[in-house]
Amino acid sequence: MSTIVTRFAPSPTGYLHVGGARTALFNWLLARNTDGKFLLRIEDTDLARSTEDATRQLLEDLKWLGLSWDNPELVYQSKRLDIYNKIIDQMVADGKAYEAWETKDELEQLQKAAERAKRPFRYVKPNYTADKIQQYKDEGRRAVIRFAMPVKEYKFRDIALDKEVTISPYEVQDFVIRKTDGMPTYHFGVVVDDAEMGVTHVLRGLEHLLNTVNHIALQEALGYARPTYAHLSVMLNPENGEKLSKRDRDRRIRKRAQEWMRSTKKTVADLATPSGLTESRLNDWLTTDTIQLDLSEQPKVMAVVGLKEYDLPEIMIHDFRKNGYAPEVLNNFLALQGWSPGNDLEQMTMQQMVEKFSTDRLVSSNPKFNREKLKSFSTDWFAKASPEKLLATIKDFLQANPASPLNQATDEQLVHLLKMNEGFRILSELEEKSRFFFIPADQIAYDTASIDKVLVKNDRQGVTALKQVRDLLAVQNDWSAAGLETAVKSFCEQTGLALGKVAQPLRVALSGSAVSPPIFDSLAFLGREQTLSRIDRCLTVVG
RNA sequence: GGCCCCAUCGUCUAGAGGCCUAGGACACGGCCCUUUCACGGCCGCGACAUGGGUUCGAAUCCCAUUGGGGUCACCA
C-alpha cells in the first residue's frame with residue numbers, strides 16, 4: 001500500500017474562509033488517518049490579488065486550527081515559473097498547445113454574443129495567418145497559450161460522490177494555460193504541481209467538479225498519473241441557500257440599517273452624519289445588493305445602527321477566533337459539514353476524528369451552515385475543558401481582541417472570571433458580561449432602559465433598596481462571595497424584599513446593565529471600594 | 001439557458017431491500033431550576049419531494065417530474 005498524499009492549495013487573498021478551512025481539514029484528516037502526508041502549496045499566480053500579508057494570515061489561521069502540514073518548505077507557484085514555462089514551451093513545440101491572440105475585450109464580445117443567441121460559449125481556434133500574427137505583434141498584443149484539448153468523451157471516478165462522472169465531447173474546449181503576464185493559470189499549475197509533489201488524493205469543493213475534465217486532459221497530455229478525486233459538498237448560507245460568502249456580512253449590516261431606519265423613522269441623512277459617510281454612498285449601498293461597504297466603513301455604520309462584531313455571521317476563520325470559539329470545536333463542527341462518522345456520534349476530539357475519518361462516509365448533499373448548533377457544541381466543549389485549556393483559550397481570544405478591557409486581567413483573574421461565568425457559550429459572551437469589571441467606575445455607560453426598569457419605575461423602590469444595601473455593604477466585614485450572600489439575604493428577610501429587588505438594582509449600579517455574572521461573585525470580584533463608588537455614581541445618575 | 005451534482009424532521013444527519021411504528025443532535029414548544037443573562041433537568045412537536053416501475057417486501061434499486069445547488073474567465 002503506497003502512502004496517501006493530500007494537499008491544501010489556497011490562493012492568498014486574505015484570511016482563510018470557512019469553506020477553505022473545511023477542505024483543508026478533510027485533506028488533513030485523510031492524511032493523518034492513513035499515516036500519509038498533508039502538503040501545503042500557495043497558489044499565488046494572480047498577481048493582482050495575491051499579497052504576502054494574505055499568505056501570512058492564511059498560515060496563521062491554519063496554525064490556529066491545528067492543521068499542520070508536512071512540507072517544511074512551502075511551495076509558492078510564483079517561484080516555479082521556470083518549471084511551468086519549460087513544460088509549456090515543449091507543449092507548444094509538440095503542437096499540444098498554441099499561441100492565441102484574442103484580447104480580453106474580444107473574448108468578452110464573443111461571450112456576450114453567445115449569451116444573446118442563447119448558446120453556450122465555446123472557444124474555437126481561429127485560423128491565424130502570418131500577416132495577421134504580425135499585425136497583432138505590431139499592435140503590441142501579447143499571446144496567451146492555450147491547451148489544444150483533445151476532443152473526446154472524458155470519464156473520471158469521484159469517491160465522494162461514489163460515481164463515475166462523464167463529460168461529453170461537446171463540453172470541452174481549448175483553455176488558457178499561460179496568461180499574457182507570463183503566469184500559468186490555475187488549471188495548469190495544479191496539474192503540474194500535484195504531479196510533482198506526488199499528490200495521490202485531491203479533496204476539494206464541488207465547484208471544481210467540472211474543472212476536473214481539464215485537469216485529466218492535461219495529465220494525459222503530460223503523461224502524469226491521475227490522482228483520486230473527491231468533490232466535497234458546498235456549504236450554504238442558511239438565510240438564502242447560496243454558497244457561503246464574505247458578502248453575507250455586508251448583507252446583514254444592510255438589513256439591519258434598513259430596519260433601523262424604518263423602526264426609528266430615520267433618513268439616510270440621519271445615518272450619514274454620525275457615521276461620517278456621504279449620503280450618496282449610503283444610498284447606493286442601501287439600494288444595491290452588489291455594492292459593499294469596505295472594512296473601514298462597516299464599523300462606522302454598525303455603531304450607528306447598533307450592531308456588534310459578534311452579531312455578524314462568521315465567514316472567515318479569523319471571525320470565529322475573534323468571537324471566541326475554540327479551534328477544536330470549529331474543526332469538529334466543520335468535519336460534520338459533509339462527513340459523518342455514523343452511530344449518532346457527533347462531538348469528537350481531533351484524535352477521534354482522525355481515527356474515524358474515511359472518504360466513504362462523505363455526504364454529498366450541500367449542508368446549510370447552522371451556527372446555533374456550532375454554539376451548542378461550543379457550550380459543551382467549554383463546560384468540559386480543563387482549567388489549563390480554558391485559560392489558554394481565553395488568552396488566545398484576548399490576543400485576537402486587543403481592544404478588550406479584559407486584557408488588563410491577570411491569569412488569576414481570568415481563571416476567576418471563567419469560573420463565575422460557567423455555562424457560557426462562547427468567549428465573546430463572557431467578555432461582554434465581564435468587561436465592566438475592568439472599566440473605570442466613571443466610564444461605565446448606564447443603559448437607560450435598565451435604569452428605568454430596575455431603579456426608577458414603581459416609585460423608585462429600586463433606588464431606595466440600593467441606598468439601603470449601600471449602607472449595609474459599607475459596614476460589611478466579610479467581603480467573600482459567601483459572606484456577602486449571607487448578609488444580603490438576611491437583609492432581604494428583614495425587609496421582606498425579594499432577592500431580585502435588591503440584586504437587580506445592585507447589578508445595574510455596578511455594571512451599567514441588567515446582565516452580569518452572579519451578583520455576589522461580582523461584588524466579591526470588584527471589592528468594597530469599587531462597589532461603593534459605583535453605587536454612589538449610579539445614585540448621582542438617577543438623581 | 002447549456003452542462004454537472006444533489007434530494008430523510010425547520011437545520012445537520014443515521015439509515016447499504018425486511019432490524020423503520022424512521023434513530024440522534026441543534027432549533028422550537030411546555031414544565032422544572034433560578035438574583036440577571038446564560039447553563040442544566042424532564043417531557044413534547046417534527047421528515048423519507050411527487051409519480052411511475054423492479055421486488056413477496058423499498059427511505060434504501062431504476063426511470064421521469066419537480067425542487068435546490070454548482071459551473072460556464074487571461075480568478076483560483
Side-chain angles (χ1 to χ4, degrees), chain A residues 9-13 43-46 48-50 77 100 102-104 107-108 111 114-115 117-122 142-146 158 161 163 165-168 170-171 173 175-181 183-187 189-190 205-211 213 231 233-234 236 238 241-243 333 336-347 363-377 379-380 382-383 421-425 429-430 432-433 450 454 485 488-489 492 498-504 506-508 511 513-520 522:
Chain A
S11 63
T13 56
E43 307 217 322
D44 52 351
T45 55
D46 183 346
R49 295 201 302 155
S50 303
Q77 290 190 323
E102 297 73 33
T103 62
K104 267 186 188 173
L107 254 15
E108 210 170 293
Q111 283 158 11
E115 203 175 312
K118 293 194 173 161
R119 276 185 297 106
F121 170 73
R122 285 181 64 226
R142 302 192 55 186
V144 298
I145 305 294
R146 281 182 186 264
D158 185 291
L161 265 20
K163 71 183 287 184
V165 179
T166 307
I167 309 292
S168 94
Y170 303 106
E171 300 300 314
Q173 62 177 321
F175 56 92
V176 176
I177 56 176
R178 185 166 70 201
K179 304 182 267 188
T180 45
D181 65 6
M183 301 299 275
T185 59
Y186 159 72
H187 300 299
V190 249
L206 201 55
E207 56 267 36
H208 288 290
L209 188 68
L210 275 341
N211 287 337
V213 65
H231 289 91
S233 55
V234 181
L236 268 23
E242 289 166 19
K243 208 159 86 165
F333 186 73
L336 262 19
Q337 304 289 296
W339 173 73
S340 161
N343 293 111
D344 296 335
L345 181 60
E346 288 197 321
Q347 297 193 11
V363 178
S364 40
S365 51
N366 298 339
K368 296 199 176 91
F369 192 82
N370 178 354
R371 288 184 185 76
E372 283 306 316
K373 185 156 178 166
L374 167 64
K375 218 176 242 184
S376 163
F377 275 30
T379 310
D380 291 345
F382 282 123
N421 278 287
E422 268 176 7
F424 70 92
R425 294 153 69 83
E429 290 180 358
L430 178 150
E432 180 71 7
K433 268 208 303 200
S450 302
V454 174
E485 180 165 359
V488 172
K489 279 191 172 162
C492 284
L499 185 51
K501 296 289 182 198
V502 179
Q504 282 305 84
L506 257 180
R507 198 184 304 282
V508 173
S511 73
S513 85
V515 177
S516 86
I519 194 67
F520 302 115
S522 298

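All values below were derived from every heavy atom in this structure, side-chain atoms included, with hydrogens, water molecules and symmetry-related copies excluded. Sequence lines set the chain letters: A, B, ... in the order given, protein chains first and strands last, and positions in each chain run from 1.
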Looking only at side-chain N and O atoms, does A:T45 come under 4.0 Å of OP1 or OP2 in B:rA76? yes

Can you confirm whether the side chains of A:S516 and A:R507 place a donor and an acceptor under 3.5 Å from each other? yes

Could you state the NZ-P distance from A:K368 to B:rG67, rounded to the nearest angstrom? 16 Å

Atom CG of A:N343 and atom C1' of B:rC12 are separated, to the nearest Å, by 17 Å

Measure from CH2 on A:W339 to C1' on B:rA14 and round the result to the nearest Å. 13 Å

Under-3.5 Å N/O pairs linking protein and nucleotides 43-47 of chain B:
none

Would you mind classifying the nucleic acid contact of A:V190 as base, sugar-phosphate or nothing, using non-hydrogen atoms under 4.0 angstrom? nothing

Generate the contact string for nucleotides 21-38 of chain B. Rules: B means base contact, S means sugar-phosphate contact only, - means no protein heavy atom under 4.0 Å. --BBBBS-------BBBB

Do any N or O atoms of the protein come closer than 3.5 Å to N or O atoms of nucleotides 5-7 of chain B, and which pairs are they?
{"from": "B:rC5", "atom 1": "OP1", "to": "A:K163", "atom 2": "NZ", "distance (Å)": "3.2"}
{"from": "B:rC6", "atom 1": "OP2", "to": "A:K163", "atom 2": "NZ", "distance (Å)": "3.4"}

Would you indicate which nucleotide in B:rC74, B:rG2, B:rU71 comes nearest to any side-chain atom of A:T185? B:rC74

Rounded to the nearest angstrom, tell me the gap between atom CD1 in A:I167 and atom C1' in B:rC3. 8 Å

Please report, rounded to the nearest Å, how far the P atom of B:rG1 is from the CD atom of A:E171. 16 Å

